[in-house]
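Input: a single structure, listed below in structure tokens.
Chain letters run A, B, ... following the sequence lines, proteins first, then strands; residues in each count from 1.
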Amino acid sequence: MLDPRRLRNELPNMASQLARRGFTLDTERLSQLEAERKHIQVRTQELQTERNARSKGIGKAKAAGEDIAPQRAEVSRLGDQLREAESGLARIQAELDQILLEIPNIPHESVPVGKDESANAEMRRWGELPHFDFEPKDHVDLGADLGMLDFDTAAKISGSRFALISGPLATLHRALIQFMLNLHTGQHGYEEVYVPFLVNSASLRGTGQLPKFKADLFHVAEQDYYLIPTAEVPVTNIGRDHIFAAEELPRRFVCHTPCFRSEAGSYGKDTRGMIRQHQFEKVELVQLVKPENSYEALEALTSHAEKVLQLLGLPYRVVTLCTGDLGFSAAKTYDLEVWLPGQRRYREISSCSNFEDFQSRRMKARWRNPETGKPEPVHTLNGSGVAVGRALVAVMENYQDGKGRVRVPEALRPYVSDREVIG
RNA sequence: GGAGAGGUGGCUGAGUGGUCGAAAGCGGCGGUCUUGAAAACCGUUGAGGCGCGAGCCUCCGGGGGUUCGAAUCCCUCCCUCUCCGCCA
């Protein structure tokens, strides 16, 4: 959520900043509602002041043993006006809140302006693209040949966009998770957390998935729970409705969870293989930091995700998302794209974002600033470190040996009983 | 699933329908003392909103109600804890 005060005081400026990412702010509607709000709020407060004063007077009169019946009747009439004013104020406030919750974050000044992903800016590349003296297969064929990746049976059990992984390939999948968790806790200073996979709507509102993106979520209607689309939701909400002491920051969390996405609206997109699934595993990095440190933290967090790919020997590139490709809540995002020989292209495997105070304002995640003595919003960041399913795909495709087998990257061998090859 | 207890400020915890935004303690901050620190003592310290400002308003789990007036009474929902049952 944007700072409502800035939205009031610098409306044209806010509108032009939002226009950079292709969002049209209805400034006329907003300033009209705002004027109404102000008028009715002042009116309400005046009535409240009067009622409070008179009621106190009645209390005193009663204590002094006076007859209070006439005064009571008078103040009673005041109550009707007050009720009316209060409900009017509540209605306008609700309307304003609804609009406010659907306005996206303002892009950081360093974010390139552009309409879609074609305007994203490549920052750097790492690693050599593998050369094969055979026609490289994609992970679907590799998995089928190994007999360890089965989409048909998964479809029987559940439906489309699910996978059944078995045998040593399932072990390799698990090894990736352990490897990533150990790296981030051991080398990068993150605290491991285990969190609920079902969350309430307040948490999703906090990180920005609700109210606007309900269709992307799986909802358990009976109990009004949602399956998490990413660990970002439960982990960032650790700080919801909390005031951190200055010395408690930064908090750095790493968390492995399954992620559940309805993928509504992506029909026909990435239908082959396990690139886009309803359920996948991810190791997530989340940071809650002092505002002054958040851009430094974004660079660090991104480098932590990169380290995973470097140690696995997977070639990748880093891309800054342009304003039009930026997620709803993000002020700046780096995508890590890994090379997939089966597709002959780079595919997203991690997305690292600084949300500044957009999420923290929604969820009231604050810290006490010693300079002011006041609670102020923290800055929140997160990034995949990295997506496990896609990492498995990348390992399979980059480490295939042309004989239907997959070599195990050195870094993973300790996690698979020193096995060197699958198949 | 059954029975009971409870949700109050950064934390713990009092609170008879009427100066209760709320005692007390802890913590924080400032000061006295000290070479410095600790202890002790004194003072100070909730959050959000409106207003240039004096100031005003809201908030005692959420929502609704009763009343001139609600932390306090009523309804409802949520959550936590204890015991019993069931269970990975």
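- B/rG13 sits 15 Å from B/rU82 when the P atoms are compared, rounded to a whole Å.
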I'd like a list of close polar pairs between nucleotides 61-65 of chain B and the protein, N/O only, cut-off under 3.5 Å.
none

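- Taking A/K307 as the reference, nothing meets the salt bridge (Lys or Arg N to Asp or Glu O under 4.0 Å) condition, with sequence neighbours excluded.
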Under the rule of Watson-Crick or G-U wobble with both distances under 3.5 Å, where | means paired to another strand and [ ] a crossing pair, RNA chain B maps to ((((((((.[[[..)..(.....]]]((((((.......))))))(((((....))))).[[[[[..)....]]]]])))))))....

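- Salt bridge present: A/E74 and A/R54 bring a charged side-chain N and a carboxylate O closer than 4.0 Å.
- Remark: A/D141 engages A/R272 in a salt bridge, criterion side-chain N to carboxylate O under 4.0 Å.
- Atom pair A/Q45:CD and B/rC57:C1' shows a separation of 4 Å (rounding to whole Å applied).
- Checking the phosphate oxygens (OP1, OP2) of B/rC57, a side-chain nitrogen or oxygen of A/N52 falls inside 4.0 Å.
- Under the ring-ring contact (aromatic ring centres under 6.0 Å, His included) criterion, A/F355 pairs with no residue, sequence neighbours left out.
- Here the OG1-CZ distance, from A/T153 to A/F162, works out to 14.5 Å after rounding to the nearest 0.5 Å.
- If you take CZ of A/R77 and P of B/rU67, they are 16 Å apart, rounded to a whole angstrom.
- Considering only residues two or more places apart in sequence or on other chains, A/F244 meets the ring-ring contact (aromatic ring centres under 6.0 Å, His included) condition with A/H242.
- For the pair A/D224 CG and B/rC77 P, the computed distance is 15 Å after rounding to whole Å.
- Whole-Å rounding puts the A/I92 CD1 to B/rU58 P distance at 18 Å.
- Distance noted for atom C1' between B/rC26 and B/rC78: 30 Å (whole Å).
- With sequence neighbours excluded, the residues satisfying ring-ring contact (aromatic ring centres under 6.0 Å, His included) with A/H188 are A/H184, A/H304.
- Across every non-hydrogen atom of A/T323 and A/G114, the tightest pair is OG1-N, 3.1 Å.
- Near-neighbour residues of RNA chain B inside residues 37-44 of chain A, defined by a heavy atom below 4.0 Å, number-ordered: A/R37, A/K38, A/Q41.
- A straight line from CG of A/D241 to P of B/rG10 spans 11 Å, rounded to a whole angstrom.
- With rounding to whole Å, A/L47 atom CG is found 17 Å from B/rC56 atom P.
- Of the candidate nucleotides B/rG49, B/rC57, B/rC68, B/rC68 has the atom nearest to the side chain of A/S55.
- A distance of about 14 Å separates the C1' atoms of B/rA23 and B/rA71, rounded to the whole Å.
- With rounding to whole Å, A/R54 atom CZ is found 19 Å from B/rU67 atom P.
- The gap from the P atom of B/rG27 to that of B/rC11 amounts to 15 Å, rounded to the nearest Å.
- If you find the closest nucleotide of RNA chain B to A/K56 and to A/R51, the one lying nearer the 5' end belongs to A/K56.
- Under the 4.0 Å criterion applied to side-chain N and carboxylate O atoms, A/K137 and A/D145 are assigned as salt-bridge partners.
- A salt bridge between A/E284 and A/K282 is present, with a side-chain N of the basic residue lying under 4.0 Å from a carboxylate O of the acidic one.
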Filtered N/O pairs between nucleotides 44-47 of chain B and protein, under 3.5 Å:
{"residue": "B/rA47", "atom": "OP1", "partner": "A/R368", "partner atom": "NH1", "Å": "3.2"}
{"residue": "B/rA47", "atom": "O3'", "partner": "A/R366", "partner atom": "NH1", "Å": "3.2"}

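- B/rA70 sits 26 Å from B/rG51 when the P atoms are compared, rounded to a whole Å.
- Map A/E376 and A/Q48 each onto its nearest nucleotide of RNA chain B; the residue landing nearer the 5' end is A/E376.
- Of all the residues in residues 25-35 of chain A, not one reaches under 4.0 Å from RNA chain B with any non-hydrogen atom.
- A distance-only check finds a donor-acceptor pair linking the side chain of A/S87 to the backbone of A/E84 [under 3.5 Å].
- Here the separation of B/rG9 from B/rG15, taken at their C1' atoms, is 14 Å to the nearest Å.
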Under the side-chain contact (heavy atoms from CB on, under 4.5 Å) rule, what do A/C259 and A/Q279 come out as? Steps first, then yes or no, please. CA-CA 6 Å; A/C259 304; A/Q279 172 188 320; over 6 Å; no

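- A gap of 12 Å separates the P atoms of B/rC56 and B/rG21, to the nearest Å.
- Across B/rG48 and B/rU44, the matching P atoms stand 22 Å from one another, rounded to whole Å.
- For A/H219, the ring-ring contact (aromatic ring centres under 6.0 Å, His included) partners two or more places apart in sequence, or in a different chain, are A/Y226.
- In this structure a side-chain-to-backbone donor-acceptor pair under 3.5 Å is present from A/R390 to A/E348.
- Here B/rC56 presents its P atom at 17 Å from CG of A/L82, a figure rounded to the nearest Å.
- Taking the salt bridge (Lys or Arg N to Asp or Glu O under 4.0 Å) definition, one finds that A/R174 meets it with nothing, sequence neighbours left out.
- Put simply, the side chain of A/I275 reaches to within 4.5 Å of the side chain of A/L340, judged on heavy atoms.
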Tabulate below the donor-acceptor pairs under 3.5 Å that side-chain atoms of residues 416-423 of chain A make, not counting sequence neighbours, or state none.
{"residue": "A/R419", "atom": "NH1", "partner": "A/V421", "partner atom": "O", "Å": "3.2"}

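- Using a 4.0 Å cut-off between charged nitrogen and carboxylate oxygen, A/R161 and A/E263 do not count as a salt-bridge pair.
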